[in-house]
S.K.: 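First, the structure itself, so that you have it in front of you.
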2 protein chains.
Amino acid sequence: MIAKRLSELRKKKKWSLQYIADQLNIAKSTYAGYESGYRQPSLEAVKELATLFGTSTDYLLGVVDDEQQTIELTNTSFPITVDGERLTEDEIHQLIAFIRVKREMAKK
Amino acid sequence: MIAKRLSELRKKKKWSLQYIADQLNIAKSTYAGYESGYRQPSLEAVKELATLFGTSTDYLLGVVDDEQQTIELTNTSFPITVDGERLTEDEIHQLIAFIRVKREMAKK
DNA sequence: TAAAGTTGTTCGCGATTCGCGAACCTATGT
DNA sequence: ACATAGGTTCGCGAATCGCGAACAACTTTA
């Protein structure tokens, strides 16, 4: 599974095997092994690859199928900030209302 | 890192080494090696452990901490949705502007 | 209370897998 | 034609794996 995901992500980014190998400080053939399924990356390498590709290890390992996490504002348990300052519950509700009104008006 | 996390999680759940080993179909000594740091679990084992503990591989591997992740709107790394519908770049900018204006007015 | 389990730790063993450079092919550019 | 870059595969030595065994410290059972 990780082999397929790595191959897809790399092609999407149009990166070469050598480039990724350089970023992780491993041999080109080593990384090639990851993509072909001939080798399994170390846990450390998996972490670095997730960072490099801007995705999660859960995605690389196939635990989840979404490359990127999406944040649903109406149902989020995460703190949300603007300019580093956290939004209050009320502010988030205002933003949601704003978006809903905006969309409703766009329909007419 | 994974060793520490596994040990913490197992104790929190009050499970024995043997119980986890049975769930993963590996030897007790093998799992013990994971917790002591003497061995590294396979990628497959990491996935199964995340499922068993009800956590993410990102947490097990130490990519993220248990602390809640905060989403900075001005640095939108994730897609954001309201009622399941994704916000456009413009909409996000409007929300940011809205919050900034609101804060500025609150100062006066 | 003696015997039988349970738990967690560590060890050595054989087998597996790792990471590497080398070699090779194809395509592209000089 | 030659050089360069990307991608694939191979064999090698070294590192690591997963296992059962053995052990001490408790806890449970008879």
Side-chain angles (χ1 to χ4, degrees), chain A residues 1-69, chain B residues 1-67 69 77-79:
Chain A
M1 172 54 91
I2 192 172
K4 202 183 79 188
R5 294 267 154 106
L6 289 175
S7 182
E8 286 168 0
L9 286 169
R10 182 177 62 84
K11 281 162 187 163
K12 198 155 127 192
K13 300 248 182 192
K14 292 180 178 162
W15 290 343
S16 69
L17 298 175
Q18 188 66 63
Y19 171 75
I20 296 184
D22 288 344
Q23 298 302 306
L24 301 214
N25 260 308
I26 59 179
K28 177 178 66 164
S29 62
T30 298
Y31 176 75
Y34 299 162
E35 280 200 12
S36 70
Y38 184 64
R39 291 273 184 264
Q40 288 224 309
S42 69
L43 299 186
E44 190 55 36
V46 171
K47 283 174 61 175
E48 291 174 17
L49 285 166
T51 300
L52 185 61
F53 283 121
T55 185
S56 67
T57 63
D58 283 293
Y59 177 71
L60 286 186
L61 299 181
V63 175
V64 299
D65 289 331
D66 297 319
E67 181 181 343
Q68 279 195 320
Q69 182 181 7
Chain B
M1 171 55 89
I2 192 172
K4 202 182 81 188
R5 295 264 154 108
L6 289 175
S7 183
E8 286 168 1
L9 286 168
R10 182 177 62 86
K11 281 162 187 164
K12 199 156 124 191
K13 301 246 182 195
K14 292 178 179 165
W15 290 344
S16 69
L17 298 176
Q18 188 67 64
Y19 171 75
I20 295 183
D22 288 344
Q23 298 302 307
L24 300 213
N25 261 307
I26 59 178
K28 177 180 63 164
S29 62
T30 298
Y31 177 75
Y34 300 163
E35 280 200 13
S36 70
Y38 184 64
R39 291 273 183 266
Q40 288 225 308
S42 68
L43 299 186
E44 190 56 35
V46 171
K47 283 175 61 175
E48 292 175 16
L49 285 166
T51 300
L52 185 61
F53 283 121
T55 185
S56 68
T57 64
D58 285 290
Y59 177 70
L60 285 186
L61 299 181
V63 174
V64 299
D65 293 331
D66 204 7
E67 300 168 15
Q69 186 178 1
S77 47
F78 302 121

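The sequence lines fix the lettering, A, B, ..., with proteins before strands; numbering per chain opens at 1. From a predicted model like this one, the values you see are computed outputs, not experimental measurements. Side chains included, hydrogens not; waters and symmetry mates left out as well; all remaining heavy atoms used.
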S.K.: Would you indicate what A/Ser16 reaches in the nucleic acid, counting non-hydrogen atoms under 4.0 angstrom: base, sugar-phosphate, or nothing?
M.R.: sugar-phosphate
S.K.: Within the 4.0 Å heavy-atom criterion, would you say A/Ile26 contacts the bases, only the backbone, or no part of the nucleic acid?
M.R.: sugar-phosphate
S.K.: Under a 4.5 Å cut-off applied to non-hydrogen side-chain atoms, are B/Gln23 and B/Leu49 in contact?
M.R.: no
S.K.: Mind calculating the distance between CG (A/Leu17) and P (C/dT26) to the nearest angstrom?
M.R.: 18 Å
S.K.: Is a side-chain N or O of B/Arg39 found less than 3.5 angstrom from the main chain of B/Thr30, in a donor-acceptor match?
M.R.: no
S.K.: Between B/Tyr19 and B/Gly33, which residue's closest nucleotide on DNA chain C lies nearer the 5′ terminus?
M.R.: B/Tyr19
S.K.: Determine whether B/Thr57 and A/Leu60 make a side-chain contact, defined as any pair of heavy atoms from C-beta on separated by less than 4.5 Å.
M.R.: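 A side-chain contact under 4.5 Å is absent here.
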S.K.: Contact between B/Tyr34 and B/Ile20 at the side-chain level, heavy atoms closer than 4.5 Å - yes or no?
M.R.: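 B/Tyr34 does not reach B/Ile20 side chain to side chain.
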S.K.: Determine the contact category for B/Glu35: base if any of its heavy atoms lies under 4.0 Å from a base atom, sugar-phosphate if only primed atoms, P, OP1 or OP2 are that close, otherwise nothing.
M.R.: nothing
S.K.: Rounded to whole Å, how long is the line connecting atom CZ of B/Arg39 with atom C1' of C/dT9?
M.R.: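 Atom-to-atom, B/Arg39 to C/dT9, this comes out as 14 Å.
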S.K.: Once you apply a heavy-atom cut-off of 4.0 Å, does B/Tyr34 come out as touching a base, just sugar-phosphate, or nothing?
M.R.: sugar-phosphate
S.K.: Base, sugar-phosphate alone, or nothing: which one does A/Tyr31 contact when heavy atoms must sit under 4.0 Å apart?
M.R.: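 A/Tyr31: no heavy atom of the nucleic acid under 4.0 Å.
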S.K.: Separation of A/Tyr38 atom OH from C/dT17 atom P, in whole Å?
M.R.: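 So the two atoms are 10 Å apart, to the nearest Å.
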S.K.: Tell me: NZ of B/Lys14 to P of C/dG8, nearest whole Å?
M.R.: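 Those two atoms, NZ and P, are 13 Å apart.
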S.K.: Looking at every heavy atom in both B/Ser56 and B/Ala50, which two are closest together, and how far apart are they?
M.R.: C-CB, 3.9 Å
S.K.: Roughly, in whole Å, what's the span from CG in B/Leu6 to C1' in C/dG8?
M.R.: 15 Å
S.K.: Going 5' to 3' along DNA chain D, which are the first and last nucleotides with any atom under 4.0 Å from a heavy atom of chain B?
M.R.: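 With heavy atoms of chain B under 4.0 Å away, the range is D/dC17 to D/dA21.
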S.K.: What's B/Thr30 touching, base or sugar-phosphate or nothing? Going by heavy atoms closer than 4.0 Å.
M.R.: base
S.K.: Run the side-chain contact (heavy atoms from CB on, under 4.5 Å) check on A/Phe53 and A/Leu6 step by step: do they pass?
M.R.: CA-CA 9 Å; A/Phe53 283 121; A/Leu6 289 175; 3.7 Å; yes
S.K.: Please assess B/Lys47 against B/Thr51 for the test side-chain hydrogen bond (donor to acceptor under 3.5 Å, both in side chains), listing each intermediate value before the final yes or no.
M.R.: CA-CA 6 Å; B/Lys47 283 175 61 175; B/Thr51 300; over 6 Å; no
